[in-house]
Amino acid sequence: MSMTRRIPWMKYASASNFYPLADRLVPIFMGLALVLAVIGLYLGFVVAPIDYQQGNSYRIMFIHVPAAWMSMFIYLLLAMYAIISLVWRVKMADIMAYSLAPTGAMFTFIALLTGALWGRPTWGTYWIWDARLTSELLLLFLYLGYMGLYSAIPDRQRASRAAAFLAIVGAVNVPIIYFSVIWWNTLHQGSSFSFSEGASMTDAMLYALLLMALACWAYTIAVVLRRAQALILERKKVALWASQISKK
Amino acid sequence: MLKIEGLAVEREERLLFSGLSVSLSAGEGLHIVGENGAGKTTLLRVLCGLTLQASGSISWCGQDVSVFREEYCSDLLYLGHKNANKTELNCRENLRLALGVLSVSDEAISDALHDAGLGLISHLPTRFLSQGQQRRLSLARLLLTKSKLWILDEPYVALDYKAIDWLDSHLERHLKSGGMLILTSHQTLTLSSKIRVLNLGEQHA
Amino acid sequence: MLKIEGLAVEREERLLFSGLSVSLSAGEGLHIVGENGAGKTTLLRVLCGLTLQASGSISWCGQDVSVFREEYCSDLLYLGHKNANKTELNCRENLRLALGVLSVSDEAISDALHDAGLGLISHLPTRFLSQGQQRRLSLARLLLTKSKLWILDEPYVALDYKAIDWLDSHLERHLKSGGMLILTSHQTLTLSSKIRVLNLGEQHA
Amino acid sequence: MHKMLWALFSRDMTLFMHRKQDVVTVLGFFLIAVALFPLGISSDPELLRTIAPGAIWIAALFSTVLALDRLFSEDLDDGTLEQQMLMPVPISLMLLVRLIAHWVITSLPIVLLAPIMGLQFGLAFNEIVILTLSLLVGTPILVLLGAIGAALTVGLKSSGGLVTLLLLPLYVPVLILGSSAVSSVMNGADVTAHFSLMGAALIISLVLSPFAVATALKITLD
Amino acid sequence: MHKMLWALFSRDMTLFMHRKQDVVTVLGFFLIAVALFPLGISSDPELLRTIAPGAIWIAALFSTVLALDRLFSEDLDDGTLEQQMLMPVPISLMLLVRLIAHWVITSLPIVLLAPIMGLQFGLAFNEIVILTLSLLVGTPILVLLGAIGAALTVGLKSSGGLVTLLLLPLYVPVLILGSSAVSSVMNGADVTAHFSLMGAALIISLVLSPFAVATALKITLD
Ligand code: HEM
Ligand SMILES: Nc1ncnc2c1ncn2[C@@H]1O[C@H](COP(=O)(O)OP(=O)(O)OP(=O)(O)O)[C@@H](O)[C@H]1O
Ligand SMILES: Nc1ncnc2c1ncn2[C@@H]1O[C@H](COP(=O)(O)OP(=O)(O)OP(=O)(O)O)[C@@H](O)[C@H]1O
Ligand SMILES: [Mg+2]
Ligand SMILES: [Mg+2]
């Protein structure tokens with residue numbers, strides 16, 4: 001009995017180590033995010049030169065591109081955690097996956113919104129059903145579906161497994177988004193940024209983009225850690241109740 | 001034949017039972033008892049592979065059941081709280097459906113229904129049957145199956161005393177012919193064969 | 001108080017029972033027995049007005065129940081085969097819902113749940129409860145109702161021996177305080193009060 | 001009596017509110033159904049404006065049918081319907097309260113969202129007002145009539161579709177009145193006739209439907 | 001093995017056939033949904049011809065969703081799903097057979113009826129052929145993908161809507177491909193691209209979906 005009793009607590013041990021660590025990390029990353037974002041926005045909106053084709057409207061890129069990147073990265077991360085939680089049943093992985101989802105959904109939404117706003121001046125329409133845009137919209141639905149399914153199933157264990165499964169199945173979508181501009185001949189811009197060819201844009205634009213991307217990362221880390229802390233607390237309460245009822 | 005080792009089941013952080021080890025060989029029966037909510041139903045479902053255990057292993061004829069699922073399932077008959085009857089089908093159709101891929105002649109089905117006391121109403125959609133009649137119908141499968149391991153969750157519920165006798169005689173026959181039986185029931189068993197008792201409450205404490 | 005005269009019930013041309021006359025006064029109990037399919041459940045539903053009789057009349061305090069439906073219903077508590085719990089609500093919410101338009105304080109509900117042995121799991125959605133726990137929950141209504149006539153269809157099903165004792169003590173109390181009780185059960189009753197038995201099988205023959 | 005009715009209503013609302021999902025999903029269904037029209041048919045703005053009233057009304061109708069499917073069937077399965085039939089209040093009154101609660105939960109959100117859908121299809125302000133009003137008057141009729149069908153078919157396995165089949169003839173006039181009210185406004189015509197007809201239908205169904213539903217339920221529960 | 005599969009299939013067919021209503025109601029729903037478009041939108045023949053492919057596809061999609069709602073939920077409630085999961089055949093195979101049976105019962109009639117609907121909307125012969133073919137290839141995809149959603153949400157009270165929410169994004173590409181195939185033919189364009197994409201999607205979902213559904217069911221039954 002005492003042997004087996006230890007199992008859940010060992011799993012929580014990692015969570016209880018995590019808690020104070022997160023407490024220290026959250027403010028650091030939040031501050032980092034702020035600083036990076038301020039510098040990045042300054043470079044992007046003030047220093048970077050005006051585009052000879054698009055005028056000033058291209059500056060929306062400094063939000064659009066990092067947000068689009070984040071939307072995909074976060075999904076991949078979520079799917080990875082989902083695999084870990086489904087296969088090895090590590091509870092912390094499930095908590096991380098669930099904490100990532102809202103932020104991922106937010107970045108997806110931002111990418112869609114800024115993309116649509118950008119599309120109006122450049123393509124003359126807010127929306128077309130091209131492969132990249134459609135698959136990005138699908139990504140938003142996947143995030144929403146993941147969260148919806150998670151909260152719809154009242155049993156947490158089953159909820160986490162079902163939602164994790166959905167996340168993994170949905171991961172097929174990410175390569176489709178990424179390679180859609182290569183596989184299909186679409187309206188959306190191809191990759192203008194690659195390390196081998198060097199930059200096809202000015203240094204200021206490049207740095208602004210990179211700084212904004214880093215800022216998004218720092219923000220994501222801070223917010224996700226905070227959310228994970230809240231979830232751990234909530235589940236501790238459940239565990240406490242469970243031990244109480246077992247003693248009955 | 002059936003061997004359970006170190007089985008533990010959790011529900012939302014709550015350990016229902018742990019360290020459960022039992023084995024069952026041909027002709028043996030096991031009666032699982034325990035309070036309401038002790039985890040009897042959950043245990044039976046775990047044994048069928050419908051629910052996942054937190055730890056421990058179950059093997060059938062020396063083979064892990066989660067690996068050799070099909071082999072295990074062809075030896076297994078499970079009857080849950082629910083009767084698994086389609087309310088819009090009649091007794092005959094339901095019984096045929098319940099037998100799955102097993103092919104059985106029409107006469108055999110008629111005989112089984114008659115034996116279960118449903119001969120006269122075998123053409124009625126089961127929605128019109130009384131609770132006890134529905135339970136009898138799902139128990140009628142026992143007369144036709146070739147499975148060796150029977151797992152029955154509260155089979156006596158809703159049965160009148162005649163039906164209890166009828167069921168008892170079939171369970172005896174199954175055990176005599178080398179079958180295995182695991183059942184739960186809050187009533188004291190009236191089976192004449194001796195059956196081992198597993199108390200989940202004690203296990204748990 | 002409750003008076004049944006010449007009651008007959010038909011199902012698709014088949015006469016389940018006929019010429020049934022019984023009356024029940026304050027503090028009396030009636031145990032309806034009969035084989036599976038004898039028509040016990042049907043009789044209880046007829047008494048509640050959920051099913052129509054072929055002939056005969058039922059009156060409550062001298063008034064025909066089909067005419068004075070609301071008055072009768074406010075004195076009546078019926079518990080069927082089904083537990084009438086919403087699986088997505090927790091015990092507390094279910095109990096409040098089951099009490100209908102009756103207003104009851106939160107503490108009274110907590111006490112009743114505790115009494116039914118559901119104190120610790122009262123916040124769980126009832127889909128997670130075991131069969132016995134679900135039955136206990138629907139029986140917890142008995143502790144809070146003010147109805148005089150209780151009609152219970154197989155209340156003992158799925159209960160463990162502790163819960164049976166608990167239910168028995170409440171049924172006794174109800175009878176002592178002048179309540180009336182009609183129930184069905186295939187098990188022999190363990191109530192200490194004497195209760196009349198109505199055998200539907202004999203009635204029918 | 002007044003107090004008892006309120007108790008009934010709040011009881012239904014708690015029950016429904018506990019399934020926030022129901023609201024979300026009916027709304028989601030409506031939104032997606034509306035979104036399918038531009039996708040499936042065409043994204044030509046002029047064409048979209050023409051089909052907008054019909055498309056939004058058809059989507060609202062489908063959502064209502066979808067939600068009606070669960071009006072009684074769950075309660076029948078878990079045994080709560082029986083308990084409700086034994087409440088010490090007139091059954092038709094109890095049902096009226098339930099239907100109102102059901103409308104508030106499943107249709108009101110659609111009515112409130114319709115203006116946004118109208119905007120998406122490029123409708124003008126006064127057209128949007130008429131669209132919303134027509135849904136406000138029309139959807140209760142759909143619910144009240146639909147409940148009769150739901151009561152008649154509850155307990156049958158394939159009730160969902162059967163309800164649709166039984167009801168759509170009754171729904172068609174409402175659909176035509178509702179969507180043609182909007183089209184009339186588009187063409188600058190008068191819509192008082194549409195609304196007085198719908199209003200009359202609403203009042204008649206408010207008065208008669210609870211009794212019809214009560215009778216139907218008693219028959220199917222027997 | 002081959003014999004066992006046939007036993008499985010005929011078992012499902014008996015079960016479905018016993019609910020002739022299901023067939024009738026899905027078909028009825030489809031017919032009425034299609035019929036609503038001229039009623040709700042407009043009876044102008046030119047306009048009708050334009051919206052025909054989209055309208056018929058949207059109606060087919062709704063009917064599929066409606067039918068999917070009952071694919072597993074009833075079996076879960078009455079306990080037969082558990083029994084099916086314990087059959088001595090690979091679960092994914094069992095599910096594949098079930099899904100095929102489900103398609104034959106609920107979608108094939110729609111495919112067979114589509115030509116008549118096309119005629120009603122005034123489509124030409126070759127347009128009708130393409131419409132029917134697109135439904136023939138597209139509806140199995142809808143069923144196969146839809147089953148994953150149905151399996152993930154079975155047992156939840158408000159599953160119907162959640163399924164819609166989870167799946168419609170997946171359905172949108174199929175809808176667009178299907179209806180635009182017909183529109184392309186109307187404009188005299190080539191449709192091989194549409195069909196090769198749909199064919200690829202069909203093959204992929206035929207291969208992968210049974211495994212996904214099996215996993216999802218195991219999780220939700222747990
Ligand atoms: C709603 C509409 C839009 C969506 C959903 C969208 C989506 C995306 C996504 C997912 C990415 C990241 C993919 C990658 O890194 O390869 C991306 C990158 C990008 N998008 Fe968009 N986009 C939209 C509209 C636009 C518009 C209108 C423009 C400008 C004409 C645009 C220009 C770009 C550029 C330049 C990149 C960076 C590509 C790179 O350097 O790798 N996007 N967009
Ligand atoms: N998600 C959950 N969270 C907490 N507890 C749960 C959850 N799911 C199930 N349980 C608990 O697990 C137990 C399941 O018991 P089970 O149905 O196996 O009982 P049983 O022994 O068959 O009881 P009965 O005699 O009443 O049939 C119950 O006590 C229930 O409260
Ligand atoms: N439509 C019908 N046609 C013929 N017989 C019917 C019909 N509906 C019900 N019956 C019969 O009526 C009887 C109903 O019995 P009821 O459910 O009242 O039995 P019961 O005494 O409660 O039995 P149990 O002990 O099994 O609960 C059954 O024998 C059933 O076969
Ligand atoms: Mg049990
Ligand atoms: Mg009975």
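Atoms considered below: every heavy atom in the structure, side chains included; atoms not considered: hydrogens, waters and symmetry mates. Lettering follows sequence order; numbering is per chain, from 1. The structure displayed is predicted, hence computed values, not measured ones.
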Student: Looking at chain C, which one of B:G117, B:G34, B:G37, B:S185 has the largest number of heavy-atom pairs inside 4.5 Å, strictly under?
Tutor: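 Looking at each option in turn, the highest pair count goes to B:G37.
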Student: In this structure, are over 12 heavy atoms from other groups packed under 6.0 Å from C:K82 atom NZ?
Tutor: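 Counting neighbours around NZ of C:K82, more than 12 heavy atoms of other residues, nucleotides or ligands fall under 6.0 Å, so yes.
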Student: Between B:R136 and chain C, with a heavy-atom cut-off of 4.5 Å, which part of the residue counts as in contact: side chain, backbone, both or neither?
Tutor: side chain
Student: Is there a side-chain contact between C:Q131 and B:E154 in this structure, where contact means two heavy atoms from C-beta onward sitting under 4.5 Å apart?
Tutor: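 Counting from C-beta outward, C:Q131 and B:E154 never come under 4.5 Å.
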Student: Let me confirm one number: the CG-CZ distance from B:L120 to C:R14, rounded to the nearest 0.5 Å.
Tutor: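 CZ of C:R14 is found 8.5 Å from CG of B:L120.
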Student: Do B:D160 side-chain atoms and C:N36 backbone N/O form a donor-acceptor pair below 3.5 Å?
Tutor: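 Confirmed, B:D160 side chain pairs with C:N36 backbone.
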Student: Between C:E35, C:H81, C:Q187, C:K162, who has the most heavy-atom pairs with chain B when the cutoff is under 4.5 Å?
Tutor: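 Most pairs with chain B among the choices: C:H81.
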